[in-house]
Peer 1: 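Let me begin by handing over the structure; questions about it come next.
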Amino acid sequence: MLSLVTCALLTCNTAVGVEVSDFDSIKLYTLKNQNEMVVDITNYGATITSIRVPDRAGNIADVALGYRSVESYINAIDRPYFGSVVGRYGNRIAKGSFILDNNKYTLATNDGQNHLHGGKMGFDKVVWKAEVLEDSVKFSYLARDGEEGYPGNLALSVTYSLTDDNEIVMHYEATTDKPTVVNVTNHTYFNLSGEGATTINDHVLHINASKFTPVDAGLIPTGELRDVAETPFDFRTPKEIGRDLDAHDTQLKYGLGYDHNWVLDRIDDAVELAAMLYEPNSGRVLEVLTTEPALQFYGGNFLDGRLVGKSGKAYQHRSGLCLETQHSPDSPNRPEWPSTVLRPGEKYNTTTVYRFGVK
Ligand code: GLA
């Protein structure tokens, strides 16, 4: 069994360690910086399994939900995608189909009548190739033409690095040999009080967005871009997540809470602030910065205490949240929204940063 503990170090401030699991091809890579911040990532799903960061008093805790063993990721009951890269198309596509260049593509409907996170065997469930670089680790995966119903041989990579400013930088690149759609993101669940803590509703959240995309009961966007003003979805001023959570609101009812896509107020295509999360007791802060146009805030509504995490604690309802940088859900069926189409000769190129701090 792979016990997710760190091992050998290499050179420079930011160090990369490698541990080998019983599944020879599956390894754990550990990034460390000069501030005692430690990040563990496995090439199974290019999955962040642990993020250890200090609080205001310097106490280190693991703020990422996840499991102790690789087997648990492989055998997980209902696959909450803990820490993995999801795709080929992260989030939902209505009715599992889209038309591209007059060709209709049919995908698995693995979420009611819709498609979610790349289908039955998405990128979170495959073994990626790994390359240890000077102070980062690069994971690569070749998704075959027709895999999960998607067109094109897609050569994808994600490079994780950890800076001495406590930033986990995730840089995604891809090319294709046929027109296709691509929308990959990292699906880490955070609890800044430490994984295993009971709730995230006491966390304070800011989302840099004036509009969100309301959904139907299947969590598929209706096509409207709605103003957040005067709604529970207004996080332009930081507020406690639980403050408006029980408001009588159809969108909160459909989401079973917050599980929606915000359209970011962007200046240009640089790496810009999308969201900021703060946990008052520990003083821990997480800033999410990205080149992506939108963000899914998922409040852990499907966690129900059945899954037991790495510290042996059950993951209760809303005990972790995700801030998934992305293009909007169902964009392949929304030509009026920013496109997720990638064509031969083009390069898919996005960056997202998780920056940790205290206040
Ligand atoms: C995303 C979706 C949620 C849920 C989780 C995984 O965040 O928006 O509805 O499916 O993935 O459980």
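In each ligand, atom 1 is the first atom listed, and ligand 1 is the first ligand listed.
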Peer 1: Would you check, one step at a time, whether the test side chain to side chain donor-acceptor pair (under 3.5 Å) holds for His327 with Thr340?
Peer 2: CA-CA 7 Å; His327 276 58; Thr340 56; over 6 Å; no

Peer 1: Answer side chain, backbone, both or neither: which part of Leu116 comes under 4.0 Å from ligand 1, heavy atoms only.
Peer 2: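 Looking at Leu116 and ligand 1, just side chain atoms fall under 4.0 Å.
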
Peer 1: Among Lys310, Arg284, Arg68, find the residue that satisfies the salt bridge (Lys or Arg N to Asp or Glu O under 4.0 Å) test when tested with Asp62.
Peer 2: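 Result: among Lys310, Arg284, Arg68, Lys310 is the only option passing the salt bridge (Lys or Arg N to Asp or Glu O under 4.0 Å) with Asp62.
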
Peer 1: For ligand 1, indicate whether the residue Phe297 contacts it via side chain, backbone, both or neither (heavy-atom separation under 4.0 Å).
Peer 2: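 Phe297 to ligand 1: no contact under 4.0 Å from either part.
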
Peer 1: For the residue pair Phe98 and Tyr150, does the interplanar ring angle fall in the parallel (under 30°), tilted (30 to 60°) or perpendicular (over 60°) class?
Peer 2: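 Rings of Phe98 and Tyr150: tilted, as their planes differ by 30° to 60°.
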
Peer 1: Does the ring centre of His187 sit less than 6.0 Å away from the ring centre of Tyr189?
Peer 2: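 Yes - the distance between ring centres of Tyr189 and His187 falls below the 6.0 Å cut-off.
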
Peer 1: What are the atoms of ligand 1, with element, lying closer than 4.0 Å to any heavy atom of His117?
Peer 2: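 Those qualifying, in numeric order: 1 (C), 11 (O).
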
Peer 1: Which one of Asn166, Thr188, Asn186 satisfies the side-chain hydrogen bond (donor to acceptor under 3.5 Å, both in side chains) criterion with Tyr354?
Peer 2: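 Result for side-chain hydrogen bond (donor to acceptor under 3.5 Å, both in side chains) with Tyr354: Asn186.
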
Peer 1: Is it the case that ligand 1 has an N or O less than 3.5 angstrom from some N or O of Asp259?
Peer 2: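 Between Asp259 and ligand 1 (N or O atoms, distance only) the closest approach is under 3.5 Å.
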
Peer 1: Quick check on contacts: which atoms of ligand 1 are under 4.0 angstrom from a heavy atom of Glu324?
Peer 2: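 Near Glu324, meaning under 4.0 Å from one of its heavy atoms, ligand 1 has 1 (C), 7 (O).
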
Peer 1: Go through ligand 1 atom by atom and flag the ones less than 4.0 Å from a non-hydrogen atom of Tyr189.
Peer 2: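 Near Tyr189, the atoms of ligand 1 are 6 (C), 12 (O).
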
